[in-house]
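Shown next, in structure tokens, is the structure this report addresses.
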Amino acid sequence: MSGWKWNDSSRSCNGTEKISGLSVHGNFQNKQYVQVKNPYLETMEEDILYHFSLSTKTHNLPEMFGDIKFVCVGGSTNRMKAFAQFIHQELKQPGNPEDLRDICEGTDRYCMYKVGPVLSISHGMGVPSISIMLHELIKLLHHAQCRDVILFRLGTSGGVGLAPGTVVITDKAVDYSFRPQFEQVVLGKVITRSTELDEGVASELLQCSSELQNVPTVIGNTMCTHDFYEGQGRLDGALCSFSQEEKLEYLRNAYDAGVRNIEMESTVFAAMCRVCGLKAAVVCVALLHRFEGGQSTAPHDVLVDYQQRPQVLVSHFIKKRLGQII
Ligand SMILES: O=P(O)(O)O[C@H]1O[C@H](CO)[C@@H](O)[C@H]1O
Ligand SMILES: O=c1cc[nH]c(=O)[nH]1
């Protein structure tokens, strides 16, 4: 790949830097390295990123990943492979997108594709699955000496008071009580972390959406639950202990608290990125209107179109940052 530019509207842009043989233009005076908050890591001779099938001894992580600027994560392996192929075309990368290799092929836990400065990774469903992936991803970015990285979660969700197909850029990721926090149990005690996301990236994404057709987008709070059925007030799970009225009351309360969509990873994603000094955004499409029901009745091709919307939006953002769109 010839050099790519690095535009960050929140900072002045100047200077050129070589990263892994690429000319990267931008302002690196505010170099933001990825911070790990674990003193034990420094003392380890080797760090095995077990679920990625990578290690600091067997892989040259700075050479493999040092130029990463954008990391896009999402639940499904197929979606994240499709996104890698899509961004490969959008960034006009050499070679055939069909030939992209899964860097994590040594394990079937997650998939990972690298396309120039973009990493596309799957994280499975729910907080435990994404948090394991994020521990290893953040260590990977740290070991690779990456800097000024932005993370995006590209997902699907249930809409609250929104037409299906609407993309929600998360303002605050909130828990089941609509609090902007994530609770982690550590050594039997609950640790509470803030789930604030980067406001600048969110408003830049909203601006990007206004430059696109067919990507209706709003900014709103995203509720993260630990379950798809009972946890999200669905009446169609194997278990249901509440009435339709109780469900609607909970969803109305969520709406009044600014919640516009419901998914299952945003709070831990926001909390871990924040602690480690990573800018992050959550961009999820609403597949259905939760006031109206629990099942996705839209035809397959419509759902495929909906799932592509966060990808189109984030790809536009990346192309702008790389100076490919003025
Ligand atoms: O579309 P993804 O990224 O998987 O996200 C949403 O979809 C899954 C449930 O179907 C949960 O993981 C939820 O957060
Ligand atoms: O309703 C939905 C749809 C997708 N993902 C969720 O977590 N909930």
Side-chain angles (χ1 to χ4, degrees), residues 71-84 86 109-113 119-134 137 151-170 173-176 178 182 195 197 220-238 240 247-248 250-251 254-255 259-273 280-300 302-314:
V71 180
C72 299
V73 306
S76 125
T77 49
N78 282 339
R79 190 193 314 141
M80 297 325 287
K81 182 176 184 182
F83 175 70
F86 172 63
R109 294 294 187 180
Y110 306 109
C111 71
M112 180 191 290
Y113 299 90
L119 204 57
S120 176
I121 312 178
S122 67
H123 57 61
M125 286 193 281
V127 163
S129 184
I130 193 175
S131 92
I132 294 167
M133 191 285 283
L134 285 172
L137 169 64
L151 266 75
F152 300 91
R153 171 168 140 66
L154 311 181
T156 61
S157 60
V160 180
L162 295 178
T166 308
V167 172
V168 181
I169 299 165
T170 303
V174 300
D175 68 6
Y176 59 90
F178 323 133
F182 172 68
T195 54
L197 289 154
N221 293 346
T222 295
M223 178 163 72
C224 177
T225 66
H226 290 297
D227 174 50
F228 183 81
Y229 287 96
E230 291 180 285
Q232 297 186 8
R234 276 188 159 77
L235 299 168
D236 59 341
C240 183
K247 164 201 144 173
L248 284 175
Y250 182 60
L251 292 181
Y255 184 87
V259 171
R260 293 295 174 271
N261 65 339
I262 310 174
E263 48 77 92
M264 298 176 59
E265 293 86 14
S266 58
T267 50
V268 70
F269 173 79
M272 288 182 71
C273 290
V282 178
V283 185
C284 293
V285 69
L287 297 182
L288 69 166
H289 189 329
R290 285 304 320 286
F291 285 150
E292 283 164 14
Q295 304 219 321
S296 304
T297 48
H300 178 73
V302 172
L303 291 176
V304 169
D305 170 58
Y306 288 171
Q307 290 197 33
Q308 282 166 349
R309 294 179 180 185
Q311 302 182 21
V312 170
L313 178 53
V314 169

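Counting convention: from 1, in listed order, for ligands and their atoms alike.
Taking CD from Gln311 and CG from Leu154, the interatomic distance works out to 6.5 Å, rounded to the nearest 0.5 Å. Atoms CE and CD1, from Met264 and Ile130 in turn, are 11.0 Å apart once rounded to the nearest 0.5 Å. Between atom CZ of residue Arg309 and atom SG of residue Cys284 there is a gap of 14.5 Å, rounded to the nearest 0.5 Å.
Using modelled atom types, no side-chain atom of Thr195 and backbone atom of Ala270 make a donor-acceptor pair closer than 3.5 Å. At distances below 3.5 Å, at least one donor-acceptor pair connects side-chain atoms of Thr166 with backbone N or O atoms of Ala163.
Heavy-atom minimum distance, Ala298 versus Leu303: O-CD1, 3.6 Å. In plain terms, the two heavy atoms of Tyr113 and Ala84 that are nearest each other are CB-CB, 3.5 Å.
In this structure, the side-chain contact (heavy atoms from CB on, under 4.5 Å) partners of Phe291, at least two apart in sequence or on a different chain, are Val160, Leu248, Leu251, Arg252, Tyr255, His289.
Per-residue contacts place Glu263 under 4.0 angstrom from the following atoms of ligand 1 (heavy atoms of the residue considered): 14 (O). Each of the following atoms of ligand 1 lies closer than 4.0 Å to a heavy atom of Phe228: 9 (C), 10 (O). Taking every heavy atom of Thr156 and a limit of under 4.0 angstrom, the matching atoms of ligand 1 come to 1 (O), 2 (P), 5 (O), 6 (C), 7 (O).
Considering backbone and side-chain N/O atoms, Met264 comes within less than 3.5 Å of an N/O atom of ligand 1.
Counting only non-hydrogen atoms, the option in Met80, Glu265, Gln307 that gets closest to atom 11 (C) of ligand 1 is Glu265. In the candidate list Arg153, Arg79, His123, Met125, Arg153 is nearest to atom 5 (O) of ligand 1, counting heavy atoms.
In this structure, atom 4 (O) of ligand 1 lies nearest to the protein heavy atom Gly75 CA, 3.4 Å.
When side chains are defined from C-beta on, Arg234 counts as touching Arg290, because their heavy atoms get closer than 4.5 Å.
The residues lining ligand 2, counting any heavy atom closer than 4.0 Å, are Thr156, Ser157, Gly158, Phe228, Gln232, Arg234, Ile262, Glu263, Met264, Leu288.
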